[in-house]
Amino acid sequence: MATPHNQANPGEIAPRMLMPGDPLRAQFIAEQYLEHPVCYNRVRNMLGFTGTYKGVPVSVQGSGMGMPSIGIYSYELFHTYNVQKIIRVGTAGGIAPQVQLRDIVLGQGACTNSSYASQYGLPGTYAPIGDFALLEAAAAHARRLNLHWHVGNLLSSDTFYDDSNSTAQWQKMNVLAVEMEAAALYMNAARAGKQALCIATVSDLPLTGASTSAQERQESFTAMMELALEAIITEGD
């Protein structure tokens with residue numbers, strides 16, 4: 001059952017998963033929120049844990065940075081380990097003027113400059129979207145928790161250091177924030193017939209230069225984590 005990137009045995013990974021990019025953030029979520037977490041993966045230090053949240057089995061595992069990395073891990077989780085639902089919890093750079101530091105963005109869709117969809121041989125341009133039931137559950141909990149949140153398009157970019165400085169071009173299409181993984185996750189979920197959503201906390205504003213610290217990104221974006229956990233266990237999602 002193990003893959004080249006995951007040493008888990010059958011039954012060690014829950015059907016519901018949170019997936020941050022940083023494996024240390026996965027460890028933080030497991031230790032802070034899961035009951036009786038057990039580490040099932042240490043291959044390449046891409047830590048994965050399974051425990052329970054409010055009595056529901058939940059796993060949390062790092063994805064690494066970028067679409068190739070989350071593409072590998074989410075593919076194996078969907079196809080080899082039969083994970084049914086993945087919510088990516090990560091950071092994003094705010095693009096739209098109304099999006100500010102520490103706001104939460106629910107990725108209804110994910111624009112991309114990646115060629116990830118080319119593998120499917122489609123006769124047109126594919127539009128990656130998040131799962132509506134997960135999105136609906138996340139929005140309901142965001143309202144209940146009185147969070148400062150937005151819903152709309154993300155940009156999943158292949159480049160962190162963009163030589164063409166193209167981020168501002170996406171602002172005119174009301175793209176809310178830029179990150180590096182959601183589009184590939186959404187495509188993998190669609191191909192596998194599974195559910196996926198990206199919930200991101202705004203860690204920086206690339207068009208203004210404002211940013212949060214690396215330590216804050218790793219450990220203090222707890223509202224996003226709690227929102228994702230509530231959404232992933234909601235019945236009927």
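Note that the coordinates shown come from a computational prediction; the quantities given were computed from them, not determined experimentally. Reckoned from all heavy atoms, side chains included, excluding hydrogens, waters and symmetry mates.
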*Would you find a donor on one side and an acceptor on the other, under 3.5 Å apart, between the side chain of K85 and the backbone of K194?*
no
_Nearest heavy atoms of A183 and P128, plus distance in Å_ = O-CB, 4.0 Å
*Validation row: Q84, R16 side chains within 4.5 angstrom (heavy atoms)*: no
*asked:* Please determine whether side-chain hydrogen bond (donor to acceptor under 3.5 Å, both in side chains) holds for the pair S156 and E179, giving the CA-CA distance in whole Å, both sets of side-chain angles, and the decisive distance to 0.1 Å.
replied: CA-CA 5 Å; S156 296; E179 51 84 67; 2.5 Å; yes
*Return the set of residues passing side-chain hydrogen bond (donor to acceptor under 3.5 Å, both in side chains) with N188 (not counting sequence neighbours), or none when no residue passes.*
S74, Y116
*Would you find more than 12 non-hydrogen atoms of other residues, nucleotides or ligands less than 6.0 Å from L135 atom CG?*
yes
*Between the main-chain N or O of S63 and the side-chain N or O of S69, is there a donor-acceptor pair closer than 3.5 Å?*
yes
*Between S115 and S118, is there a donor-acceptor pair closer than 3.5 Å when you use the side chain of the first and the backbone of the second?*
no
*asked:* Count I, L, V, M, F, W, Y as connected when their side-chain heavy atoms are under 4.5 Å apart, and connections chain through other members. Are I72 and I13 then in the same cluster?
replied: no
*asked:* Hydrophobic clusters here meaning ILVMFWY residues chained together by side-chain heavy-atom distances under 4.5 Å, can you tell me if I232 and L147 are in one?
replied: yes
_Please check if the number of heavy atoms outside M46 that lie under 6.0 Å from its CE is greater than 12._
yes
*Shortest non-hydrogen contact from L229 toward V58*: CD2-CG1, 4.2 Å
*Which residues pass the ring-ring contact (aromatic ring centres under 6.0 Å, His included) test with H141, sequence neighbours left out?*
none
*So, Q98 versus H150: side-chain donor-acceptor pair below 3.5 Å or not?*
no
*Could you tell me which residues satisfy side-chain contact (heavy atoms from CB on, under 4.5 Å) with M180, sequence neighbours excluded, listed by chain and number?*
F160
Going by atom type alone, with no hydrogens or angles, which donor-acceptor pairs under 3.5 Å involve a side-chain atom of residues 164-175 and a protein atom two or more places apart or on another chain?
from, atom 1, to, atom 2, distance (Å)
S164, OG, D162, OD1, 2.8
S166, OG, D162, OD2, 2.6
Q171, NE2, I95, O, 2.8

_Nearest non-hydrogen partners of L227 and A138, listed with the distance_ = CD1-O, 3.2 Å
*With side-chain contact (heavy atoms from CB on, under 4.5 Å) as the test, would you mind laying out the steps for V60 and L34 before giving the verdict?*
CA-CA 9 Å; V60 55; L34 299 187; 4.0 Å; yes
*Measure across L205 and Q100 and return the closest heavy-atom pair with its distance rounded to 0.1 Å.*
CD1-OE1, 4.1 Å
*With sequence neighbours excluded, tell me which residues meet side-chain contact (heavy atoms from CB on, under 4.5 Å) with A190.*
Y126
*Using a distance-only test with no angle check, is there a side-chain donor-acceptor pair under 3.5 angstrom linking E12 and T50?*
no
*Using modelled atom types only, decide if a donor and an acceptor are shared between the side chain of S59 and the backbone of A14 within a distance under 3.5 Å.*
yes
*Apply side-chain contact (heavy atoms from CB on, under 4.5 Å) to Q7 and list each qualifying residue two or more places apart in sequence or on a separate chain.*
N41, R42, V43
*Can we say K54 and E35 salt-bridge, meaning some charged N sits less than 4.0 Å from an Asp/Glu carboxylate O?*
no
*Sidechain-backbone polar pair: Y186 side chain, G107 backbone, donor-acceptor under 3.5 Å*: yes
